[in-house]
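Because the structure is predicted, anything quoted here is derived from the model rather than measured.
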Amino acid sequence: MKVRQVEGEIEYVNADEKFVNHYFGLEDDLQVIAESINKDAHVSRALEAYWGLRLIRQDPWECLISYICATYKSIPAIKHMLNNMAQKFGEKQVLDGNNFYTFPECKALAAATEQDLIGCGLGYRAKYVLTTAKKIREDNFDFEALRKLPYLETKKVLMQFSGVGAKVADCVLLFSLGKSEAFPVDVWVKRVILNHYGEKLSPEVLQRIEKSESLSTGDYERLNRFGRSYFGKYAGYAQEYLYHYERITV
DNA sequence: CGTGGGCCTGTCTA
DNA sequence: ATAGACAGGCCCA
């Protein structure tokens with residue numbers, strides 16, 4: 001499948017238009033979403049600066065494993081790891097004479113050894129990926145069933161997997177399970193909140209997260225809850241715009 | 001039940 | 001060039 005964007009127009013080259021629209025969130029009504037999350041001048045600036053930014057709908061399995069791998073890693077390093085895994089455990093596809101590798105199936109990773117995965121550069125994450133893949137296979141786990149559950153319940157289920165804490169769970173909920181109220185708090189979102197929403201938190205909490213490098217479980221919950229209650233049912237979209245704005249612009 | 005320390009290793013900077 | 005810091009957090013004590 002091949003698709004590209006040229007001058008704001010999307011070209012569907014041998015691609016399933018319906019799939020592409022769904023995958024890139026093109027069906028989402030940005031006007032409605034923007035009205036819903038446009039609570040203050042700062043998020044308003046972010047919306048204007050990156051108008052058109054949307055949430056993708058990844059495959060939940062792929063999303064889960066990718067974010068397990070993403071912990072405590074830089075983005076280039078994450079890409080590298082995922083490429084290694086795809087080459088070693090994915091299926092080869094040829095398009096226009098170029099080789100590509102699909103994201104590995106659960107079956108393939110469950111059959112891997114820890115050393116295989118360490119060889120892909122996963123480090124200590126190898127154990128998490130392996131344990132999670134095996135559990136999904138043993139339980140015959142159904143990601144689709146999660147779509148019917150409410151946000152908090154779904155999050156609890158995901159957090160039972162090895163290597164999945166609140167942040168990873170929130171990312172999977174947002175980017176693959178359609179839970180638009182999920183509000184992942186990573187280091188960048190933490191900076192957003194410190195720099196622009198400090199007055200929304202209690203002074204004690206504010207002071208604590210300012211001086212600490214990492215986020216405790218409790219403080220993650222507090223920032224996450226702030227995002228969801230302040231921005232509402234499309235908090236995840238607010239998160240995306242604010243995150244992007246903080247990374248690129250500020 | 002909440003909190004702090006340790007962690008594989010690829011990238012980037014000094 | 002090569003060492004050292006840091007990275008889209010999680011687990012365990």
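- A:Glu246 has its CD atom 14 Å from the C1' atom of C:dG8, to the nearest Å.
- With rounding to whole Å, A:Lys167 atom NZ is found 14 Å from C:dA7 atom P.
- With hydrogens and angles ignored, the 3.5 Å screen pairs a side-chain donor or acceptor of A:Tyr220 with a backbone N or O of A:Val185.
- A heavy-atom distance below 4.0 Å to DNA chain B is reached by none of the residues of residues 172-180 of chain A.
- The side chain to side chain contact (heavy atoms under 4.5 Å, CB included) with A:Lys179 is formed by just one residue from the set A:Val172, A:Leu146, A:Thr154, A:Leu174; it is A:Thr154.
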Which dot-bracket string describes DNA chain B (Watson-Crick N1-N3 plus N6-O4 or O6-N4, or G-U N1-O2 and O6-N3, all under 3.5 Å; [ ] crossing; | other strand)? ..|||||.||||||
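- As a whole-Å value, the separation of A:Glu221 CD from C:dG9 C1' is 14 Å.
- Across all strands shown, A:Val168 has heavy atoms under 4.0 Å from sugar-phosphate atoms exclusively, and none from any base.
- The minimum heavy-atom distance linking A:Tyr237 with A:Leu53 is given by the pair CE2-O, 3.7 Å.
- Using a cut-off of 4.0 Å between Lys/Arg side-chain N and Asp/Glu carboxylate O, A:Glu11 and A:Arg4 are scored as salt-bridged.
- The stretch residues 65-73 of chain A comes close to DNA chain B through A:Tyr72, A:Lys73, each having a heavy atom under 4.0 Å from the strand.
- Placement of A:Leu223 and A:Phe226 within a single hydrophobic cluster is found when ILVMFWY residues are connected by side-chain heavy-atom separations under 4.5 Å, directly or transitively.
- Nucleotides B:dG10 and C:dC11, compared at atom P, are 22 Å apart to the nearest Å.
- Closest of all the heavy-atom pairs between A:Leu215 and A:Lys190 is CG-CD, 4.1 Å.
- Residues of residues 225-236 of chain A that place a heavy atom closer than 4.0 Å to DNA chain C do not occur.
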Taking distance alone, no hydrogens or angles, what donor-acceptor pairs closer than 3.5 Å link side-chain atoms of residues 77-95 of chain A to residues at least two apart or in another chain?
| from | atom 1 | to | atom 2 | distance (Å) |
| --- | --- | --- | --- | --- |
| A:Asn83 | ND2 | A:Lys79 | O | 3.4 |
| A:Asn84 | ND2 | A:His80 | O | 3.4 |
| A:Asn84 | ND2 | A:Cys120 | O | 3.0 |

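- Using cut-offs of 30° and 60° on the angle between ring planes, the pair A:Tyr50 and A:His244 is perpendicular.
- There is no side-chain donor-acceptor pair under 3.5 Å between A:Asp28 and A:Tyr234.
- Near DNA chain C, meaning a heavy atom under 4.0 Å away, there are no residues from residues 205-220 of chain A.
- Listed for the A:Ser212 side chain is no donor-acceptor partner under 3.5 Å among the backbone atoms of A:Ile209.
- Straight-line distance between the C1' atoms of B:dT11 and C:dA1: roughly 16 Å, to the nearest whole Å.
- Between A:Val168 and A:Ile68, the closest heavy-atom pair is CG1-N, 4.2 Å.
- Distance, A:Met159 CE to C:dC11 C1': 12 Å, rounded to whole Å.
- No donor-acceptor pair closer than 3.5 Å links the side chain of A:Asp96 to the backbone N or O of A:Asn98.
- Within the structure, side-chain hydrogen bond (donor to acceptor under 3.5 Å, both in side chains) contacts touching residues 135-150 of chain A (residues at least two apart or in different chains) are A:Lys135-A:Asp139, A:Glu144-A:Arg147.
- By the 30° and 60° cut-offs, the orientation of the rings of A:His42 relative to A:Tyr245 is perpendicular.
- Distance CG (A:Asp186) to C1' (C:dC6): 15 Å, rounded to an integer number of Å.
- Taken together through direct or relayed side-chain contacts under 4.5 Å among Ile, Leu, Val, Met, Phe, Trp and Tyr, A:Tyr151 and A:Phe143 form part of one hydrophobic cluster.
- The separation between A:Gln160 atom CD and C:dC10 atom P is 15 Å, rounded to whole Å.
- Contacts with DNA chain C (heavy atom under 4.0 Å) in residues 122-136 of chain A: A:Tyr124, A:Tyr128, listed by number.
- In this structure, the side chain of A:Arg222 does not engage the main chain of A:Val205 through any donor-acceptor pair within 3.5 Å.
- Checking side-chain atoms of A:Trp188 against main-chain N and O of A:Leu242 turns up no donor-acceptor pair under 3.5 Å.
- Remark: A:Glu17 CD to A:His22 NE2 distance equals 14.5 Å, nearest 0.5 Å.
- Residues in residues 198-209 of chain A take part in these side-chain hydrogen bond (donor to acceptor under 3.5 Å, both in side chains) pairs, two or more places apart or across chains: A:Arg208-A:Asp219.
- Hydrophobic cluster membership of A:Val20, counting Ile, Leu, Val, Met, Phe, Trp and Tyr whose side-chain heavy atoms lie under 4.5 Å apart directly or via other members: A:Met1, A:Val3, A:Ile10, A:Tyr12, A:Phe19, A:Tyr23, A:Phe24, A:Leu26, A:Ile56.
- A pairwise comparison of heavy atoms in A:Ala182 and A:Asp170 identifies CB-O, 3.7 Å as the closest pair.
- Contacts between residues 50-63 of chain A and DNA chain B, defined by a heavy-atom separation below 4.0 Å, involve no residue at all.
- A side-chain donor from one of A:Asn195 and A:Glu246 sits under 3.5 Å from a side-chain acceptor of the other.
- Within a 6.0 Å radius of CD in A:Glu210, more than 12 heavy atoms belonging to other residues, nucleotides or ligands are found.
- Atom CD in A:Gln239 sits 13.0 Å away from atom CZ in A:Arg228 (nearest 0.5 Å).
- Rounded to whole Å, the C1' atom of C:dG4 lies 16 Å from the corresponding atom of B:dC8.
- Comparing A:Gly163 and A:Ile75 by the nucleotide of DNA chain C that holds the closest heavy atom to each, the one mapping nearer the 5' end is A:Ile75.
- For DNA chain B, the outermost nucleotides in 5' to 3' order that have an atom under 4.0 Å from a heavy atom of chain A are B:dT3 to B:dT11.
- The separation of C:dA5 from B:dG6, taken at their P atoms, amounts to 15 Å, rounded to a whole angstrom.
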